[in-house]
Every structure is written in structure tokens, then in C-alpha cells.
Amino acid sequence: MDFLRRSTTIAAVLLLLSLIHGSVCFYLPGVAPEDFLKGDELKVKVNKLISTKTQLPYSYYSLPYCQPKQILDSAENLGEVLRGDRIENSPYVFKMREPQMCNIVCRIKLDAKTAKKFKEKIDDEYRVNMILDNLPLVVPIRRIDQESPTVFQLGFHVGLKGQYTGVYPLFISTKDEKYFIHNHLAFTVKYHKDLQTDSARIVGFEVKPFSVKHEYEGKWSDKVRLTTCDPHAKHTVVNSNSPQEVAENKEIIFTYDVEFQESDVKWASRWDAYLLMSDDQIHWFSIVNSLMIVLFLSGMVAMIMLRTLYRDISKYNELETQEEAQEETGWKLVHGDVFRPPGNSDLLCVYVGTGVQFFGMLLVTMIFAILGFLSPSNRGGLMTAMLLLWVFMGLFAGYASARLYKMFKGSDWKKTAFRTAIMFPGIVSAIFFVLNALIWGQKSSGAVPFGTMFALIVLWFGISLPLVYVGGYVGFKKAAIEDPVKTNKIPRQIPEQAWYMNPIFSILIGGILPFGAVFIELFFILTSIWLNQFYYIFGFLFLVFCILVVTCAEITIVLCYFQLCSEDYLWWWRSYLTSGSSALYLFLYATFYFFTKLEITKFVSGVLYFGYMLIASYAFFVLTGTIGFYACFWFTRLIYSSVKID
């Protein structure tokens with residue numbers, strides 16, 4: 001039996017490690033593969049314009065690019081809409097495995113208004129996103145050292161800004177700098193061929209953008225031949241030595257090439273290149289370093305707590321005479337007050353219930369992500385899953401808050417259930433509504449439409465609220481949790497505390513360790529969100545989440561023990577705030593990240609950043625606070641039920 005148990009444990013650990021190691025690129029494709037025969041039509045779709053400088057997405061056709069005869073929107077899920085994705089058809093149409101050269105898309109003439117639009121987007125370094133067979137368009141960037149893998153940048157820049165030297169537009173900040181547009185796109189479609197059926201599947205979609213001032217002879221017509229890019233003369237665009245300037249009354253001709261390359265990459269692995277982390281060694285080292293520090297601290301804490309508590313409990317249980325009992329000191333002395341309901345106990349029940357809801361949502365989301373169900377090919381899938389899980393976890397939120405409320409001798413459970421369902425989403429919705437109004441003011445596609453807002457309200461009040469009530473009803477119907485010791489009628493006076501046991505000081509100290517466990521991973525998460533990179537390393541994230549839970553629990557237990565030893569029995573709220581204070585450090589780190597890593601200059605973009613990070617910090621506070629509260633709740637019940645109290 002021991003051998004079987006050991007084998008099962010080893011197998012479980014190996015499985016977890018393999019998932020963590022493989023989760024960088026482990027996913028389920030999410031969509032069925034599509035086979036294309038030679039000559040089949042390939043339709044390129046266009047997505048939003050994105051910028052790391054403004055963080056405001058815009059639809060592709062907000063710029064006067066070439067348009068198809070009829071613009072059609074693709075069906076979008078809830079997550080895509082909230083992300084600002086706007087997927088539409090485009091005039092770019094390919095034929096499978098049939099290379100094309102110098103295809104003319106359209107010709108436009110800029111007026112003052114359209115030239116200004118292009119210049120603004122070039123100034124803010126906007127990138128154009130396209131999609132083919134559900135694969136995003138990337139620009140391959142090869143490192144100087146040949147050994148490093150190729151890095152892929154999502155989308156191509158609208159254009160460049162600089163001074164034309166006759167060779168290439170250089171990035172020189174002078175008064176004479178000009179704007180140049182990328183009007184020629186050299187696409188590369190990579191495919192994996194099935195030797196038996198001669199069909200092929202698309203496994204890569206790349207582009208090299210060029211700025212070319214196209215020229216032609218005679219008057220413009222649909223069948224005109226360009227002298228700067230002529231397939232008949234085998235003259236194609238290979239550089240931007242004669243760039244197309246963006247200015248009023250300038251004529252711009254948009255063209256493209258398509259090249260098809262056979263690839264050994266199979267369809268199921270086609271996302272690997274997108275998800276490849278170039279700095280995975282640094283990431284591993286940081287995670288292991290953080291894990292070792294936390295494990296060392298955890299071992300120290302566990303050893304101190306076990307030895308100290310064992311000695312205390314043995315000593316207290318040996319007290320036999322009345323005189324010895326009267327000379328009690330330490331945590332046993334406050335046994336008659338330690339389970340006295342705290343002030344604002346209703347609010348504590350609400351926050352604990354919300355924390356349970358948040359914990360359940362994150363746990364289930366990460367389990368599904370580790371198993372590969374939340375594929376990156378399913379755009380918006382992660383956000384949609386999190387929203388729906390939040391709604392359905394309302395059942396556990398209502399249950400947890402009602403159980404605690406009944407233990408505090410409360411009677412109006414419906415009021416507590418209502419506040420649990422309304423408070424956290426209400427505060428987040430208020431901040432979100434203000435931010436959404438700012439995005440609307442900028443005419444960005446990132447603004448959530450009224451239809452989607454209505455759908456969110458229906459999810460909130462139509463599903464989440466009733467589920468919280470159901471959970472509250474079930475929780476309140478169960479027998480109340482009984483305290484291990486009786487509570488005195490008259491509260492005991494708390495003696496004057498040492499400076500280091502000051503509530504504010506101990507709460508702020510308590511948040512450092514949980515934040516220290518996650519701040520390395522936090523850097524990668526912030527980079528993926530604000531610098532538009534893929535984040536699909538949920539194995540690492542799950543490991544960090546486990547470390548966070550352990551550290552929140554342990555630091556709260558330690559500080560709670562010291563607090564009770566100093567005869568301060570007001571531990572309820574302090575246990576929540578001790579680990580919850582890590583959210584303050586998260587927000588401070590987000591502020592540091594803003595000023596050191598981001599290039600945001602616009603006021604609205606800055607407000608958006610700090611608004612969303614405020615929401616994230618608030619959610620982190622609720623999560624970590626609840627973990628700390630339950631750890632301290634379990635700890636106090638354990639130690640006071642272990643001693644003999646007359």
C-alpha cells in the first residue's frame with residue numbers, strides 16, 4: 001500500500017511538472033482544421049489597429065484604407081467585444097498555392113483630413129492586425145545573433161516617421177521629419193501539405209511591409225501597369241528606398257505580393273511560434289528562485305509555529321490549580337473574547353463571500369487553461385470563460401457569506417446576500433462605466449456597445465444575483481458553526497500594544513510576502529496585457545497561485561498568533577486586511593511599471609491604465625484577504641479547541 005501510495009504521488013507530481021513545463025505551448029486547437037486544395041479562395045480578415053502608446057484600439061476602416069464592396073462584420077463573442085476586437089472582411093483575397101505579384105488593391109488621394117488621420121496613427125505607432133484561417137498576421141523579426149529564435153511582432157506598423165535621406169526613412173527627430181506609409185505588403189502563407197490528398201492546411205501567416213512611391217505611365221485605370229512593381233518584368237518590391245510620403249494631395253497606391261511556402265510544422269502545432277517565450281530561461285530561474293525563498297520561509301514559519309504551539313498547549317493543559325489558572329498569560333487569556341463578532345460583521349461576510357467567488361473563478365479558469373481548453377486561437381475565450389464562471393460562482397459566494405453571517409448571530413440573510421451580489425460588481429461597474437465613457441469620447445473600437453452592456457447587466461441581475469440568493473438560502477438553512485469556547489458577556493480590555501503590533505504597521509508588513517511571491521509573474525502578465533503579447537504560460541501561473549495561497553495563509557497565521565499572544569483579540573478584520581494589503585503593493589508596482597516600461601503619454605490612456613489596474617488591485621485585495629481570513633479562522637478554532645478551558 002505504501003508503495004502504491006508513493007507511486008501515485010510521484011506520478012501526480014510528474015504530471016503536474018510536465019503540465020507546467022509544457023504549458024508554454026500546450027493547448028487544444030479550439031477550432032476544426034480546414035483543408036484547402038490548390039486554387040481555393042483564401043479570405044483575409046482585418047482586425048483592430050493597436051498601439052502600446054495609447055492603449056486605445058480602433059477599427060481597421062477608421063483609416064481610409066482600401067475597402068471591399070460590402071463591409072461585413074464577423075460574429076464576435078463577449079470576450080472579443082470587451083477586448084475591442086472588430087473583425088471584418090477585406091479586399092485582400094488569395095488563391096491557395098498560387099503566388100501573386102504586385103496586385104493592385106486600390107488608389108486613394110489624400111486630402112487634409114485623411115492625411116491627418118494617417119499621421120496621427122503613425123505618430124502613435126499603431127499596428128494593423130489581420131487574420132487568415134484564424135491565424136493572426138505577424139512580422140518576423142530576426143535577432144542579430146543567428147542562434148536566437150525569430151521573434152514575431154503582432155501586426156505591421158501603419159507607417160514610419162523620420163527624415164528621408166535618399167536611402168531609407170530614418171528615425172531622426174528633426175523639424176523636417178516626414179511621414180511614410182506602408183502601402184506594399186509582401187505576404188507569406190505557410191502551409192503543411194497532405195501527400196495523400198494533395199490538400200494543405202495553413203500553418204503560418206507573415207508579412208513584410210514596405211513603403212513605395214508607386215509610379216505608372218499614362219492615365220490611371222484599373223488595368224494600368226506599375227513601373228515600380230511589374231510582375232511581367234519580374235520587378236518586385238524588395239526595399240523602401242523610394243518611400244510613399246503621407247501629405248495632402250498625395251496619391252497612394254496600395255499593392256501586395258503573396259508567396260506560399262511549404263512547412264514541416266503540423267496544423268496542431270502552428271501556434272507554437274506565436275507562444276514561444278524568448279526569455280524562458282530567465283522566467284524559469286525567477287520562478288524557481290521565488291519558489292525556493294517562499295518554501296524556505298514556509299519551513300521556518302511551520303517549524304516555529306509547531307514548536308511554539310505544542311509547548312503552549314502542553315503548558316496550558318498542565319495547569320491544574322486555580323492559582324495557576326489565574327496566572328495564565330498569552331493567547332489563552334483572551335479565550336472569552338476571541339470569537340466575539342467584530343464590528344461591521346455584515347460587511348466582512350460580504351467581502352468573504354466575494355473572495356470565495358473570485359477564488360473559485362480563478363481556480364477553475366486556470367485548471368481549464370492548464371489542460372489546454374482555453375486555446376489562444378479562440379479569441380476572447382479566456383475573458384468569456386472568466387465572466388461566465390464569475391456569474392455561476394455566485395452560488396458559493398452566497399453560501400459562504402450566509403454561513404459566516406449565521407455564525408455572527410445574524411437573522412436578515414437576504415440583505416447580506418443582496419450586498420454580496422451587488423457590492424463588488426457594483427464598484428467595478430462604476431469604474432468601468434467611467435473608463436468606457438472616456439473610450440467612447442476617443443471614438444475607439446474598445447468602447448463596449450450598449451447591447452453588450454445590457455448583456456452584462458442581464459448576466460449580473462438575471463443569473464448571478466439569483467444564484468447568490470440560492471447559495472445564501474442553503475447556507476443559512478444549515479446549522480450555525482459553533483464556537484469551540486464560550487464568549488464572555490463583557491468585553492475584555494485590550495492592554496497597550498508594542499509599536500510593532502500596531503494594526504497599520506502589522507497589516508502593511510503582512511502584505512509584503514504574498515506580493516513577493518507573485519511580482520515576478522506579475523511583470524509577464526502586465527507585459528502581455530499592455531504590450532500586446534501572448535500570455536499562455538498557465539502552468540507557471542498555477543504554480544505561483546499555489547505559492548500565493550500558501551504565503552497568504554502562513555503570514556496571516558503568524559501575525560494572528562503574535563496578536564493573540566499580546567492579548568489583542570480583534571483578529572477578524574485584521575486577518576483579512578493583513579494578506580489583503582498585498583494589493584497595495586500590487587498597485588504601487590503597477591505605478592512603477594507605468595513609468596519605467598510603458599511609453600503612454602496621453603492623459604486618457606493614463607487614466608485607462610490606472611483605472612484598470614485599480615480594478616485588478618481591488619480584485620487581488622478581495623482574493624488574498626479571503627485566503628488570509630479563512631486561514632486565521634481555521635487556526636483560531638484549532639488552537640482554542642485543543643486546550644482545556646473551564
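Just so you know, these numbers come straight off a predicted model, no measurement behind them. Position 1 is the first residue of the sequence, and the numbers go up from there.
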Kindly give the heavy-atom pair with the smallest separation between Ile439 and Ala447, and that separation in Å. CG2-N, 3.2 Å
Angle between ring planes, Trp413 versus Tyr469, binned at 30° and 60°: parallel, tilted or perpendicular? perpendicular
Could you tell me whether a side-chain N or O of Thr624 sits under 3.5 Å from a main-chain N or O of Ser579, the two making a donor and an acceptor? yes
Any heavy-atom pair between the side chains of Phe562 and Ser506 that's under 4.5 Å? no
Tell me if a side-chain donor or acceptor on Tyr585 pairs with a main-chain N or O of Leu508 at a distance below 3.5 Å. yes
Hey, is the main chain of Ile504 close enough, under 3.5 Å, to the side chain of Asn502 for a donor-acceptor pair? yes
If the plane angle is over 60° it's perpendicular, under 30° parallel, otherwise tilted; pick one for Phe476 and Tyr405. tilted
Quick check: does any side chain N or O of Thr556 sit under 3.5 Å from a backbone N or O of Cys552, one acting as donor and the other as acceptor? yes
Is there a side-chain contact between Tyr593 and Leu522 (heavy atoms, below 4.5 Å)? no
May I ask you to check whether Phe408 and Trp572 place their ring centres under 6.0 Å from each other? yes
Does any N or O in the side chain of Gln357 come within less than 3.5 Å of the main-chain N or O of Phe396, such that one atom is a donor and the other an acceptor? no
About how many Å separate CD1 of Ile507 and OG of Ser575, when rounded to the nearest 0.5 Å? 9.5 Å
Quick one, Phe424 with Tyr618, criterion ring-ring contact (aromatic ring centres under 6.0 Å, His included). Give me CA distance, side-chain angles, the key distance, then yes/no. CA-CA 9 Å; Phe424 180 82; Tyr618 183 38; 5.0 Å; yes
Any chance OH of Tyr473 has more than 12 other-residue heavy atoms, nucleotides or ligands included, within less than 6.0 Å? no
Derivation and outcome, side chain to side chain contact (heavy atoms under 4.5 Å, CB included), residues Leu541 and Met366: CA-CA 8 Å; Leu541 189 61; Met366 278 193 282; 3.8 Å; yes
State plainly whether the residues Asp568 and Arg574 are in salt-bridge range, i.e. N to O under 4.0 Å. yes
Side-chain (Arg403) to main-chain (Ala479) donor-acceptor, under 3.5 angstrom: yes
Nearest 0.5 Å, what's the CG-CD1 distance between Leu435 and Ile615? 6.0 Å
Sidechain-backbone polar pair: Gln153 side chain, Gly155 backbone, donor-acceptor under 3.5 Å: yes
If I take atom CG from residue Asp346 and atom OG from residue Ser401, how far apart are they, to the nearest 0.5 angstrom? 10.5 Å
Atom CG in Leu363, atom CG in Leu623: separation rounded to 0.5 Å? 10.5 Å
Enter the distance from Leu362:CG to Met393:CE here, rounded to the nearest 0.5 Å. 10.0 Å
Counting N and O atoms only, with roles assigned by atom type, does the side chain of Asn129 sit under 3.5 Å from a partner on the main chain of Asn47, one being a donor and the other an acceptor? no
What are the two closest heavy atoms between Phe358 and Ala619, and how far apart are they? CZ-CB, 3.3 Å
Identify the heavy atoms of Trp573 and Leu348 that sit nearest to each other, and give their distance. CZ2-N, 3.4 Å
Going through the checks in order, is the side chain to side chain contact (heavy atoms under 4.5 Å, CB included) test met by Tyr351 and Thr626? CA-CA 7 Å; Tyr351 270 105; Thr626 301; 5.9 Å; no
Using the ring-ring contact (aromatic ring centres under 6.0 Å, His included) rule, take Trp571 and Phe635 through it: C-alpha gap first, then chi angles, then the decisive distance, then the call. CA-CA 11 Å; Trp571 64 271; Phe635 172 73; 9.3 Å; no
Parallel, tilted or perpendicular for Phe633 and Tyr630, by the 30°/60° rule? perpendicular
To the nearest 0.5 Å, how far apart are CG in Leu382 and CE in Met386? 6.0 Å
Given Leu395 and Val468, is the side chain to side chain contact (heavy atoms under 4.5 Å, CB included) satisfied, shown in steps? CA-CA 5 Å; Leu395 189 71; Val468 172; over 6 Å; no
Without swapping roles, check the side chain of Ser464 against the backbone of Phe461 for a donor-acceptor pair under 3.5 Å. no
Phe433: which residues meet the ring-ring contact (aromatic ring centres under 6.0 Å, His included) condition with it, sequence neighbours left out? none
I'd like to check Pro514 versus Leu548 (side-chain heavy atoms, cut-off strictly below 4.5 Å). Are they in contact? yes
Check whether any side-chain heavy atom of Met453 lies under 4.5 Å from a side-chain heavy atom of Asn436, and answer yes or no. yes
Close side-chain approach of Leu608 and Ile600, heavy atoms under 4.5 Å: no
For the pair Ser444 (side chain) and Pro57 (backbone), establish whether a donor and an acceptor sit closer than 3.5 Å, ignoring hydrogens and angles. yes
What about Tyr576 and Phe621, are their ring centers closer than 6.0 Å? yes
Smallest heavy-atom separation, Leu598 atom then Trp530 atom, equals CD2-CB, 4.0 Å
May I have the step-by-step check of side chain to side chain contact (heavy atoms under 4.5 Å, CB included) for Met423 and Thr354, ending in yes or no? CA-CA 9 Å; Met423 182 167 286; Thr354 304; 5.8 Å; no
Exercise: identify the closest heavy-atom pair between Ala517 and Thr551: CB-OG1, 4.1 Å
Nearest non-hydrogen partners of Gln55 and Ile529, listed with the distance: OE1-O, 4.4 Å
When you compare the side chain of Tyr399 with that of Val356, does any pair of heavy atoms fall below 4.5 Å? no
Is there side-chain contact between Phe519 and Leu586, with at least one heavy-atom pair below 4.5 Å? no
Tell me, do Trp460 and Ile422 make a side-chain contact under 4.5 Å, heavy atoms counted? yes
More than 12 heavy atoms of other residues, nucleotides or ligands under 6.0 Å from CZ of Phe432: is that the case? yes
